[in-house]
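Since the structure comes first, as structure tokens, the remarks are kept for the end.
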Amino acid sequence: MENYWNKEIECMPLEDMKKLQSERLVAQVKHVYDNVPYYKKLMDEKGVTPDDIKSVDDLHKLPFLTKADLRDAYPYGLLAKPLSDCVRIQSTSGTTGRRVVAFYTQHDIDLWEDCCARAIVAAGGTKDDVCQVCYGYGLFTGGPGLNGGSHKVGCLTLPMSSGNTERQIQFMQDLGSTIICCTPSYAAYIGETIKEMGISPDDIKLKAGIFGAEPWTEEMRREIEKSLGIKAYDIYGLTETSGPGVAFECCEQHGMHINEDNFIPEIIDPDTGEVLPEGSKGELVFTSITKEAFPLLRYRTRDICVLTREKCSCGRTLIRMSKPMGRSDDMMIIRGVNVFPSQIETVLIKQGYAPNYQIEVDRVNNTDTLDVYVEMSQEQFSDQIKDIQDKEKELVAAITQMLGIRPKVHLVSPKTIARSEGKAVRVIDKRKLHD
Ligand code: DLL
């Protein structure tokens, strides 16, 4: 049985959705052109006026907006409503340059929380559930977004934030949490800790998890599902487009439905900017058609994925996006070969390792080096050097087969790779330090 938060929208026939999107887009472009000089300038430079945009079919005429624009316009340059109408900001961690600050009116918050409510209901959530939110609270959008969605659904909401893992587990047991929301890497860590504490998945009441904010593989999904005894659902979003809830998984676990009544997706060729047909792999671009304070037109996410309108048996007609393989800037080019961390993760989990690993890339004597540090579990650990060398060789062969280039693999002792309570840092690219 599939439940919907807003059946009319989630199951809307395509024709009606296009009509709704077109009306909203036309109004949004006008709103932005009239109220944001930065956009007016971009559109004027491209020779487009709001009159040129009559339906979604005209979307491609608009200029792209990039993260560099957000930095240029920081902090108020893209604001489309008076500051006095805004009630909240959220922000990115700013680890890769100047942070992004997103503004919200109360209307924007309502729509955002509504999107998160759709995700919770699609994961089986109802007002009878106890929803433990262990995404970070504060400037990060994860905690506040899922917290708001959980309230809307009427779940008993546990605003835990991340960290203090034993306390998380204590609350989970004492209050009978049925849904957990956090990053997949933190979910894996909670699963590992539960096991260490001698608690079986049968001793907790969790039934579903809503995990996102970072790339994770199908293999990791199955591991988490096993360790927590749940069904694990993916959720996607970014601060620039409000936060989590831009897209969410249904019971089919086969791609995330995009809330396209609020966000129109496109896939483009990241090099040429050309719009690609459905089914092509490329960079995901979003236009937010309902946001008032911080609407972004044709925002380049740098996330690489595929869109499909293939029918989904959950009944939703909302277009689906595949799991992003990581940002285009997460992709490493090592000795001329494109490498995503997720490819390495797939191999490691298939070979029976937990997702505790770190990838180090460097350049020595003008040649790229790839070192993969993989943690052994207590059972995998051995004091026989030969055993460990054999296991390393196996991993080298499996990774070489996946990537087409040969890494160095270092099996390290249990508990030596730092666990993540938020977004895991999987890659250290030392080449960037030399450049
Ligand atoms: O991570 C929003 C969020 C919070 C999403 C909680 C889901 C759950 P940012 O910190 O701005 O926002 O980072 C956005 O994270 O462009 C993707 O590269 C990545 N990302 C988000 N969700 C997923 C996902 C939040 N499900 C960036 N799978 C995005 C893979 C994801 N990558």
Side-chain angles (χ1 to χ4, degrees), residues 66-67 70-71 89-102 104 112-113 115-116 118-120 122-123 131 133-150 160-162 179-187 209-218 220-221 224 232-249 253-259 263 265 270 283-286 288 294 296 299-306 320-331 340-342 345 355 420-427:
T66 64
K67 192 138 182 160
L70 262 51
R71 287 190 188 130
I89 68 149
Q90 302 286 165
S91 178
T92 56
S93 56
T95 42
T96 53
R98 191 134 50 149
R99 50 174 75 244
V100 171
V101 174
Y104 305 70
W112 175 27
E113 293 181 350
C115 288
C116 290
R118 291 182 196 174
I120 293 171
C131 182
V133 183
C134 357
Y135 285 111
Y137 279 64
L139 287 171
F140 179 54
T141 55
L146 269 308
N147 190 91
S150 173
M160 301 294 295
S161 199
S162 57
I179 299 179
I180 181 169
C181 308
C182 60
T183 58
S185 52
Y186 194 39
I210 304 178
F211 306 130
E214 63 183 359
W216 55 309
T217 55
E218 283 302 323
M220 182 141 163
R221 186 208 300 265
I224 296 172
Y233 296 81
D234 204 351
I235 184 167
Y236 170 87
L238 52 161
T239 313
E240 295 90 317
T241 55
S242 63
V246 170
F248 61 95
E249 255 182 356
Q253 297 178 310
H254 196 57
M256 291 178 271
H257 290 281
I258 297 177
N259 284 313
F263 307 101
E283 180 179 347
L284 188 57
V285 172
F286 279 115
S288 52
F294 195 66
L296 299 183
Y299 181 65
R300 294 185 58 158
T301 63
R302 296 184 293 179
D303 290 322
I304 303 290
C305 73
V306 178
R320 273 173 298 154
M321 59 181 273
S322 65
K323 263 183 180 307
M325 306 182 60
R327 292 199 156 191
S328 49
D329 35 347
D330 279 348
M331 187 187 80
F340 279 98
S342 57
E345 181 177 297
S420 150
E421 295 170 349
K423 297 186 191 234
V425 180
R426 303 289 194 195
V427 180

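Note that the structure is predicted; figures quoted are calculated from it, not measured. Ligands are counted one by one from 1 in listed order, and the atoms in each one are counted from 1 as well.
Among Ala213, Gly245, Gly136, Gly243, the residue whose heavy atom lies nearest to atom 20 (N) of ligand 1 is Ala213. Across Arg99, Met321, Glu214, heavy-atom proximity to atom 32 (N) of ligand 1 is greatest for Glu214. Relative to atom 29 (C) of ligand 1, the option among Asp303, Ile304, Leu284 with the closest non-hydrogen atom is Asp303.
Qualifying salt bridge (charged side-chain N to carboxylate O under 4.0 Å, His left out) partners for Arg221, counting only residues two or more places apart in sequence or in other chains: Glu218, Glu249. Taking Glu421 as the reference, nothing meets the side-chain hydrogen bond (donor to acceptor under 3.5 Å, both in side chains) condition, with sequence neighbours excluded.
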Checklist line | Criterion salt bridge (Lys or Arg N to Asp or Glu O under 4.0 Å) on Arg300 and Glu283, from CA distance to verdict | finding: CA-CA 7 Å; Arg300 294 185 58 158; Glu283 180 179 347; 2.7 Å; yes

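Looking only at atom types and distance, the side chain of Thr217 has a donor-acceptor partner in the side chain of Glu345 under 3.5 Å away. A donor atom on one side chain and an acceptor atom on the other are not found under 3.5 Å apart for Asn147 and Tyr135.
Note on ligand 1: Lys323 sits outside its first shell, no heavy atom being nearer than 4.0 Å.
Counting heavy atoms under 4.0 Å from ligand 1, residue Lys423 touches it through the side chain alone. When heavy-atom distances to ligand 1 are checked against a 4.0 Å cut-off, Leu238 comes that close through both its backbone and its side chain. In Thr239, the parts holding a heavy atom less than 4.0 Å from any atom of ligand 1 are both the side chain and the backbone.
Taking a cut-off of under 4.0 Å to the non-hydrogen atoms of Thr92, the atoms of ligand 1 that pass are 11 (O).
Between Trp216 and Phe211, the two ring planes are perpendicular [angle over 60°; tilted spans 30° to 60°]. Classification of the Phe286-Phe263 ring pair by plane angle, with boundaries at 30° and 60°, yields perpendicular.
Below 3.5 Å of separation, one finds an N or O of Asp234 facing an N or O of ligand 1. Among the atoms of Gly142, none of the N or O lies under 3.5 angstrom from an N or O of ligand 1.
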